[in-house]
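All values below were derived from every heavy atom in this structure, side-chain atoms included, with hydrogens, water molecules and symmetry-related copies excluded.
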Amino acid sequence: TQRRKTKKHKTEREREREGELERLIMESVEANFPVRHRKFSLECKGNKTEIVICSYEDHILVIATQIGAMGTILHARKEEGMSVEPTFSVSVIFGKRDEPMLIATARRLIDHISSYVPSKPLVLSLGLKDHSSETLKEIVAAVIENRL
């Protein structure tokens, strides 16, 4: 009987530990999920523009859409090097490759983001009806103003 009590007591301790471990895991998951994000909208030259900024553990995601869809997706990151002036790499993952203003927008955003979180690359989605420099400048300003 003594052995059974010890075994039963041990099992209760193990259950307590497992419960504590599960509670800690859930707290960790809840702290990191859902992803930290900010969502807002603005008018750009008469077009309602919805913007979502998400901060993942390893990337920043910015979605700006006037069409309700993802649009052109770009990847931008700060190049690590010995240079005094930072350099940035921007590439179009898919979408419009012949729009230099979209690349300039990604470059401007990663330049700003890297001053706050130097190791996080940017994934930028631009689903826009209007690709004018005025609209893109408004989007950049709004993202910078509403950073996470």
Side-chain angles (χ1 to χ4, degrees), residues 9-148:
H9 186 65
K10 206 176 197 181
T11 303
E12 288 173 18
R13 274 193 201 153
E14 288 174 356
R15 286 183 188 154
E16 286 175 13
R17 287 182 190 153
E18 287 173 1
E20 180 66 17
L21 181 60
E22 187 174 319
R23 185 183 64 76
L24 290 171
I25 289 170
M26 289 309 292
E27 284 178 4
S28 174
V29 168
E30 288 171 5
N32 295 318
F33 188 82
V35 173
R36 283 183 353 144
H37 68 283
R38 181 165 290 147
K39 181 179 178 181
F40 58 96
S41 61
L42 61 131
E43 284 284 319
C44 293
K45 292 180 70 176
N47 293 307
K48 182 180 179 186
T49 306
E50 295 182 62
I51 299 177
V52 180
I53 306 168
C54 301
S55 180
Y56 292 87
E57 189 173 315
D58 59 344
H59 278 77
I60 300 288
L61 171 66
V62 175
I63 302 170
T65 185
Q66 297 171 335
I67 61 173
M70 295 284 280
T72 299
I73 298 181
L74 302 105
H75 185 268
R77 64 185 170 88
K78 182 179 179 180
E79 295 288 335
E80 299 300 324
M82 304 298 275
S83 174
V84 174
E85 290 294 317
T87 57
F88 302 98
S89 168
V90 178
S91 58
V92 177
I93 296 174
F94 59 86
K96 296 186 177 212
R97 297 182 185 279
D98 59 346
E99 296 257 0
M101 287 302 294
L102 299 183
I103 292 171
T105 301
R107 190 174 309 277
R108 175 68 183 107
L109 284 174
I110 192 61
D111 183 18
H112 177 76
I113 289 167
S114 67
S115 66
Y116 290 96
V117 278
S119 60
K120 283 191 181 183
L122 167 70
V123 175
L124 175 62
S125 170
L126 296 169
L128 305 175
K129 294 176 184 174
D130 173 28
H131 291 181
S132 71
S133 63
E134 182 181 320
T135 294
L136 294 169
K137 284 177 184 177
E138 285 183 48
I139 290 170
V140 168
V143 170
I144 288 171
E145 181 179 317
N146 291 281
R147 73 175 190 269
L148 290 175

Interatomic distance, NE2@His75 vs CD1@Ile110, rounded to 0.5 Å, equals 8.0 Å
For Leu128 and Ile67 the tightest heavy-atom approach is C-CG2, 4.4 Å
If you apply the rule side-chain contact (heavy atoms from CB on, under 4.5 Å), what do you find for Ile63 with Met70, and how did you get there? CA-CA 7 Å; Ile63 302 170; Met70 295 284 280; 4.0 Å; yes
* Asked: Just wondering, more than 12 heavy atoms not from His37 lying within 6.0 Å of its NE2?
  -> no
Residues Met101 and Leu136: closest non-hydrogen pair is CB-CD1, 3.5 Å
Here the gap from Glu79 atom CD to Phe88 atom CZ, rounded to the nearest 0.5 Å, amounts to 9.5 Å
Nearest heavy-atom approach of Pro121 to Ser119 is CD-O, 3.3 Å
Pairs of donor and acceptor atoms involving the side chains of residues 39-56, under 3.5 Å and at least two apart or interchain, shall be tabulated with distances.
{"unit_1": "Thr49", "atom_1": "OG1", "unit_2": "Asn47", "atom_2": "O", "d": "3.2"}
{"unit_1": "Thr49", "atom_1": "OG1", "unit_2": "Gln66", "atom_2": "NE2", "d": "3.0"}
{"unit_1": "Ser55", "atom_1": "OG", "unit_2": "Lys120", "atom_2": "NZ", "d": "2.9"}

**Prompt:** Given Leu124 and Leu109, is the side-chain contact (heavy atoms from CB on, under 4.5 Å) satisfied, shown in steps?
**Reply:** CA-CA 9 Å; Leu124 175 62; Leu109 284 174; 4.0 Å; yes
Here the pair of heavy atoms bringing Ala106 nearest to Ala76 is O-CB, 4.1 Å
Ignoring hydrogens and angles, write down the donor-acceptor pairs under 3.5 Å from the side chains of residues 139-148, residues two or more places apart or on other chains.
{"unit_1": "Asn146", "atom_1": "ND2", "unit_2": "Ala142", "atom_2": "O", "d": "2.8"}
{"unit_1": "Arg147", "atom_1": "NH1", "unit_2": "Tyr116", "atom_2": "OH", "d": "3.4"}

Any donor-acceptor pair under 3.5 Å linking the side chain of Thr135 with the backbone of His131? no
